[in-house]
Amino acid sequence: MKEPTSFAIPGAVAIAPGNGGLPKVTLTHRAGAGAEVYLHGAHVTSWKSAKGEELLFLSRESHWTADKPIRGGIPVCWPQFGGQGPLPQHGFARTNPWTLARAKKLDNGDVAVALRLNETDATLKLWPHRFAFELCVTLAESSLTLATSVRNAGEQPFDFQIALHTYFAVADIHRAAVCGLRGTAFVDSLRNNAREVEQRSEIRFDQETDRVYINAPDDLSIRDEATGRVFGIRKTGMADAVVWNPWVAKSQRMSDFGDDEYLRMLCVETGNMATHVALAPNQQWQGATVLSVGRA
Ligand code: BG6
């Protein structure tokens, strides 16, 4: 296996120990944008605009150890969403070390790195399937693309759920709104998984929110009114979206999250949480999400 540092590209891709000594890949765009990805979990922990503003939330209380997920950024939840199965919460992709497979500076200046996860003895004990999971992160001037592919490398079919669990940074949750989900059916985890249809064109927050929107539209957005920032979320090949904010009591219950941090984050997750993806041997699934940032 190649040393991670052999993927460095001067001025564009750097690999160095990050928090807790965990290996971190830093992407730098010539227009000023930046991103950071830990090999632990293939976890994006930072995305900065060309002006240098941080666009993702990362908890000050996060763990930085190999056996625990990072709190904030973009956890990759796979092959299970939440506690909906026998695996650890949100699966094992976020608590395993990934390897760097490629790094590239594209002709248009964009910077891309691909990370890979394959089965290990430990994952086979939890989930008896051989697989090749690749996450490609591409940093452009005002967008960040996460492209995922999963191949069944075994001899039996398997199925999975997936979530790119993005924690967006917002300046004030009371002045933030998620748009684009009106008319979409959702399952409310806080009300015994009751199924309803979203009536609001803008989802606002004044309490804990934890909903899976089924077959959600591919284009969603977040308005952060305190900063005037608008995030675009465009998914392809991914069916569902989750909207989550832990609010007061759950924030207090989470040991790796500050009591007041719910005020400055909002998760809009993309993936297949309501419906499982089924893969026959040798079959491959692909899905992607493009996050973009602009002004209202
Ligand atoms: C969300 C779930 O996706 O993730 C919530 O819908 C959960 O129910 C949240 O609380 C955070 O999960 P975790 O495992 O990172 O604490």
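Both counts, for ligands and for their atoms, begin at 1 and track the order of listing.
Note that CD of Gln161 and NE2 of His276 are 3.5 Å apart. Values are rounded to the nearest 0.5 Å. Interatomic distance, Glu36 CD to Leu139 CG, rounded to the nearest 0.5 Å: 11.0 Å.
In the displayed structure, Arg234 atom CZ is contacted under 6.0 Å by at most 12 heavy atoms of other residues, nucleotides or ligands.
Closest approach of Leu126 to Pro88, counting heavy atoms only: CD2-CD, 4.1 Å.
Distances from ligand 1 to the non-hydrogen atoms of Phe257 include no value under 4.0 Å. For Lys250, the heavy-atom gap to ligand 1 drops under 4.0 angstrom.
Counting the atoms of ligand 1 from 1 in the order shown, those under 4.0 Å from a heavy atom of Glu269 are 1 (C), 3 (O). Near Phe81, meaning under 4.0 Å from one of its heavy atoms, ligand 1 places the atoms 3 (O), 6 (O). Of all the atoms in ligand 1, the ones that sit under 4.0 Å from a non-hydrogen atom of Asp210 are 2 (C), 5 (C), 6 (O), 8 (O). Close approach of ligand 1 to Gln89 is summarised as follows: ligand atoms under 4.0 Å from at least one heavy atom of the residue are 12 (O), 13 (P), 14 (O).
Between Ile233 and Phe168, the closest side-chain pair of non-hydrogen atoms falls below 4.5 Å.
The residue from Arg94, His165, Arg71 that puts a heavy atom closest to atom 4 (O) of ligand 1 is His165.
Ion pairing of Arg60 with Asp260 is present here, as a side-chain N (NZ or NE/NH1/NH2) and a carboxylate O approach within less than 4.0 Å.
At the top of the distance list for atom 11 (C) of ligand 1, counting protein heavy atoms only, stands Trp244 CH2, 3.6 Å.
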